Amino acid sequence: MRYQEQGQYEAARGLEKKVEMVLLTMLFIFLLLALIPMKVSGSSIDATEEEAYHGLERCFLDVLDMRLREYGYTDSGLTLNSIIYVDGSRCYYVKIHHARITDAGAGAWEELKLQIADIPFPIENCSVTYEIIP
């Protein structure tokens with residue numbers, strides 16, 4: 001019986017060593033990943049340039065909001081999303097939400113798009129697409 005207990009002890013000890021090795025390996029990998037700087041998608045643009053774009057985007061939205069107020073659409077909901085392409089060009093998607101625009105129908109929306117289409121984004125290689133959200 002003693003031989004059988006010794007075999008079980010050695011098997012348990014071997015299992016403990018394997019578990020220790022796996023845990024140490026995982027800890028090493030975790031530390032390695034934590035210490036290596038990783039590049040985040042889109043981080044090729046430096047922080048100052050990105051901050052400049054954010055300022056221009058806020059200015060663009062302010063001008064658009066003023067234009068909408070001129071046409072009687074006060075307190076419109078505006079959402080601006082952008083896609084940055086590899087060549088550095090950008091495409092902006094502006095979503096406008098206002099109950100009066102939605103209730104007026106497609107004709108009023110087409111007329112409003114013509115009235116706001118001349119608001120340019122102040123950087124070259126940028127396109128702007130407008131969408132009404134019901």
Side-chain angles (χ1 to χ4, degrees):
M1 190 105 168
R2 188 153 183 94
Y3 178 74
Q4 188 179 16
E5 289 175 2
Q6 187 174 358
Q8 288 176 346
Y9 173 77
E10 288 176 7
R13 185 70 182 135
L15 184 61
E16 284 178 5
K17 290 228 180 245
K18 287 180 183 176
V19 170
E20 286 177 14
M21 193 61 165
V22 168
L23 288 175
L24 285 174
T25 303
M26 289 175 55
L27 181 62
F28 177 73
I29 291 172
F30 176 74
L31 287 173
L32 191 64
L33 290 175
L35 295 175
I36 295 175
M38 294 186 183
K39 183 177 179 180
V40 177
S41 175
S43 65
S44 62
I45 300 173
D46 64 4
T48 54
E49 186 178 350
E50 195 62 35
E51 188 60 36
Y53 271 105
H54 284 297
L56 292 172
E57 291 164 0
R58 285 188 295 271
C59 180
F60 174 77
L61 287 175
D62 288 342
V63 170
L64 178 60
D65 186 49
M66 285 189 296
R67 179 73 60 89
L68 289 170
R69 287 174 189 268
E70 285 177 21
Y71 291 109
Y73 301 110
T74 58
D75 299 325
S76 296
L78 299 174
T79 304
L80 180 71
N81 293 313
S82 66
I83 297 175
I84 304 170
Y85 296 104
V86 176
D87 65 355
S89 64
R90 292 175 178 237
C91 181
Y92 287 98
Y93 293 93
V94 180
K95 295 180 182 180
I96 303 172
H97 174 76
H98 196 283
R100 281 191 37 228
I101 300 171
T102 306
D103 294 343
W109 169 238
E110 291 302 321
E111 183 180 324
L112 180 62
K113 275 200 320 190
L114 293 174
Q115 294 168 339
I116 62 175
D118 64 336
I119 302 173
F121 193 83
I123 298 283
E124 291 182 20
N125 296 331
C126 291
S127 64
V128 180
T129 303
Y130 296 98
E131 180 182 351
I132 186 73
I133 303 296

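All values below come from the heavy atoms of this structure, side chains included, with hydrogens, waters and symmetry mates left out. Note that the coordinates shown come from a computational prediction; the quantities given were computed from them, not determined experimentally.
- Side chain of His98 to main chain of Thr74: a donor-acceptor pair is present (N/O by atom type, distance under 3.5 Å, no hydrogens or angles).
- Atom NE2 of residue His54 and atom CD of residue Glu49 lie 11.0 Å apart, to the nearest 0.5 angstrom.
- Using modelled atom types, one side-chain atom of Arg67 and one backbone atom of Gln115 make a donor-acceptor pair closer than 3.5 Å.
- Residue Leu78 holds its CG atom at 12.5 Å from NZ of Lys95, rounded to the nearest 0.5 Å.
- A 4.5 Å side-chain heavy-atom check between Val128 and Ile119 finds every atom pair outside the cut-off.
- Taking CD of Glu57 as the start and CG of Asp62 as the end, the distance is 12.0 Å to the nearest 0.5 Å.
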How far apart are the C-alpha atoms of Val94 and Phe60, what are their side-chain angles, what is the distance that settles it, and do they pass the side chain to side chain contact (heavy atoms under 4.5 Å, CB included) test?
CA-CA 10 Å; Val94 180; Phe60 174 77; 3.8 Å; yes
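- Inter-residue side-chain proximity for Ile84 and Tyr53 is flagged as unmet; no heavy-atom pair is nearer than 4.5 Å.
- Taking a cutoff of 4.0 Å between a charged side-chain nitrogen and a carboxylate oxygen, Asp65 and Arg69 qualify as a salt bridge.
- Under the 4.5 Å side-chain heavy-atom criterion for ILVMFWY residues, no single connected hydrophobic cluster contains both Leu61 and Ile83.
- Taking OH of Tyr71 as the start and CD1 of Ile116 as the end, the distance is 9.5 Å to the nearest 0.5 Å.
- Membership of an apolar cluster is not assigned to Leu24, as no side-chain contact below 4.5 Å to another ILVMFWY residue is traced.
- Transitive grouping of hydrophobic side chains (ILVMFWY, heavy atoms separated by less than 4.5 Å) brings Leu56 and Met66 into a common cluster.
- Applying the ring-ring contact (aromatic ring centres under 6.0 Å, His included) criterion to Tyr92, with sequence neighbours excluded, gives Phe121.
- Taken from OG in Ser76 to CD1 in Ile132, the straight-line distance is 8.0 Å, to the nearest 0.5 Å.
- By the 4.0 Å N-to-carboxylate-O rule, Lys113 lies close enough to Glu110 to be salt-bridged with it.
- For the pair Tyr130 and Leu64, the minimum side-chain heavy-atom distance is below 4.5 Å.
- With Arg90 contributing its side chain and Ile123 its backbone, the two residues share no donor-acceptor pair below 3.5 Å.
- Here the side chains of Glu131 and Tyr93 are not in contact, with every heavy-atom distance at 4.5 Å or above.
- By the 6.0 Å contact criterion, CD on Glu124 is open, its count of non-hydrogen atoms from other residues, nucleotides or ligands being 12 or less.
- Rounding to the nearest 0.5 Å places OG1 of Thr129 at 11.5 Å from CG of Asn81.
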